[in-house]
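Note sheet for the following structure.
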Amino acid sequence: KKDGKVGFVNEQGESAIPLVYDGAWDFSDDMTLVRQGDERFWIDMQGNRLFDWEWAGGSEMIDGVAVVRSAEGLYGLIDREGNLIADCEWDDFEFTGQPFMLGEIMRAEKGSLWGFVNKQGVLISGRLYDPSAITVVWCGDSLFLLEDGVLSIWHADGTQVY
């Protein structure tokens with residue numbers, strides 16, 4: 001940062017992306033969100049503009065997915081090209097700042113109910129749950145769900161494996 005402008009240097013300390021931005025996040029997944037005047041958009045490691053940011057808030061891109069927050073305060077997911085892969089219909093995502101921190105599955109909240117969403121934006125098991133009526137553990141690509149004394153195991157692709 002110099003004179004109120006932000007740019008990026010490479011590992012040798014040489015300028016890699018000029019000091020032209022008014023703000024920027026750290027790079028993750030070889031891309032970052034920058035601000036230039038009133039515009040916000042993603043750039044790659046060479047400074048090429050990838051796609052515009054049209055959200056009120058969100059997270060960095062991690063493993064090809066970022067959480068976004070609409071002006072209405074609802075959350076969804078986008079992919080590396082900026083395509084919406086989960087509509088902004090969720091009240092919250094667990095680990096909003098770091099999507100899919102525990103693997104391929106993330107807890108989503110809608111009202112007082114929980115659902116479990118994969119990186120493709122699919123609601124695993126196809127339904128929502130009352131959190132007081134379930135015990136759940138997820139890690140990697142598996143969701144272990146105990147409801148009314150019955151255990152079910154779901155794969156991140158939405159198939160029930162037990």
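All residue numbers refer to positions in the sequence shown, counting from 1. Computed from a prediction, not measured in an experiment: that's the story for all the values here.
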Rounded distance [0.5 Å steps], OH in Tyr162 versus OG in Ser142: 14.0 Å

Pair Ile43-Asn48, side chain to side chain contact (heavy atoms under 4.5 Å, CB included): steps then yes or no: CA-CA 5 Å; Ile43 61 171; Asn48 299 311; over 6 Å; no

For Asp3, all residues meeting side-chain hydrogen bond (donor to acceptor under 3.5 Å, both in side chains), sequence neighbours excluded: none

Neighbour count >12 (heavy atoms, 6.0 Å) for atom CZ, Arg35: yes

Results of side-chain hydrogen bond (donor to acceptor under 3.5 Å, both in side chains) for Ser132 - residues two or more places apart only: Asp130

Side-chain touch Leu77/Val67, heavy atoms, less than 4.5 angstrom: yes

Hydrophobic cluster identity match, Trp42 and Phe8, side-chain contacts under 4.5 Å: no

Nearest atoms (heavy-atom pairs only) where Val68 meets Trp53: CG1-CH2, 3.8 Å

Joint cluster assignment, Val122 & Phe116, ILVMFWY side-chain distance < 4.5 Å: no

If you look only at distance, which donor and acceptor atoms sit under 3.5 Å apart when one is on a side chain in residues 12-25 and the other is two or more places apart or in another chain?
{"unit_1": "Glu14", "atom_1": "OE1", "unit_2": "Asn10", "atom_2": "ND2", "d": "3.0"}
{"unit_1": "Asp22", "atom_1": "OD1", "unit_2": "Lys5", "atom_2": "NZ", "d": "2.6"}
{"unit_1": "Asp22", "atom_1": "OD2", "unit_2": "Gly37", "atom_2": "N", "d": "2.5"}

Distance-minimising heavy-atom pair for Gly76 and Phe93: O-CE1, 3.6 Å

Nearest non-hydrogen partners of Tyr75 and Arg69, listed with the distance: OH-CD, 3.4 Å

Same apolar cluster (I L V M F W Y, side chains within < 4.5 Å links), Trp55/Leu74: no

Closest approach of Ala56 to Ser70 (non-hydrogen atoms, all atoms of both residues): CB-O, 3.6 Å

Atom pair NZ (Lys119) and CE (Met106), whose distance is rounded to the nearest 0.5 Å: 10.0 Å

Met45 reachable from Val34 in the ILVMFWY side-chain graph, under 4.5 Å edges: yes

From CG (Asp29) to CE (Met31), nearest 0.5 Å: 7.5 Å

Euclidean distance, Met61 CE relative to Leu33 CG, rounded to 0.5 Å: 9.0 Å

Transitive ILVMFWY side-chain link Phe27 to Ile62, under 4.5 Å: no

Derivation of the side chain to side chain contact (heavy atoms under 4.5 Å, CB included) call for Arg107 and Trp138: CA-CA 9 Å; Arg107 188 184 81 216; Trp138 69 97; 3.8 Å; yes

Point-to-point distance, once rounded to the nearest 0.5 Å, from OG of Ser28 to CG of Asp63: 9.5 Å

Enumerate, atom names and distances included, each donor-acceptor pair closer than 3.5 Å involving a side-chain atom of residues 144-156, sequence neighbours excluded.
{"unit_1": "Glu147", "atom_1": "OE1", "unit_2": "Arg127", "atom_2": "NH1", "d": "3.0"}
{"unit_1": "Glu147", "atom_1": "OE2", "unit_2": "Arg127", "atom_2": "NH2", "d": "3.1"}
{"unit_1": "Ser152", "atom_1": "OG", "unit_2": "Trp154", "atom_2": "NE1", "d": "3.0"}
{"unit_1": "His155", "atom_1": "ND1", "unit_2": "Asp157", "atom_2": "N", "d": "3.1"}
{"unit_1": "His155", "atom_1": "ND1", "unit_2": "Asp157", "atom_2": "OD1", "d": "3.3"}
{"unit_1": "His155", "atom_1": "NE2", "unit_2": "Asp141", "atom_2": "OD2", "d": "3.1"}

Under 3.5 Å donor-acceptor, Thr32 side chain and Asp26 backbone: yes

CG on Leu50 to CZ on Phe41, rounded to 0.5 Å: 9.5 Å

Residues which pass side-chain hydrogen bond (donor to acceptor under 3.5 Å, both in side chains) with Ser125, listed by chain and number, not counting sequence neighbours: Tyr129

Please list every donor-acceptor pair under 3.5 Å in which a side-chain atom of residues 81-91 meets a protein atom from a residue at least two apart or in another chain.
{"unit_1": "Asn83", "atom_1": "ND2", "unit_2": "Asp79", "atom_2": "OD1", "d": "3.4"}
{"unit_1": "Asn83", "atom_1": "ND2", "unit_2": "Asp79", "atom_2": "OD2", "d": "3.3"}
{"unit_1": "Asp91", "atom_1": "OD2", "unit_2": "Gly111", "atom_2": "N", "d": "2.4"}

Nearest non-hydrogen partners of Pro131 and Leu113, listed with the distance: CD-CA, 4.3 Å

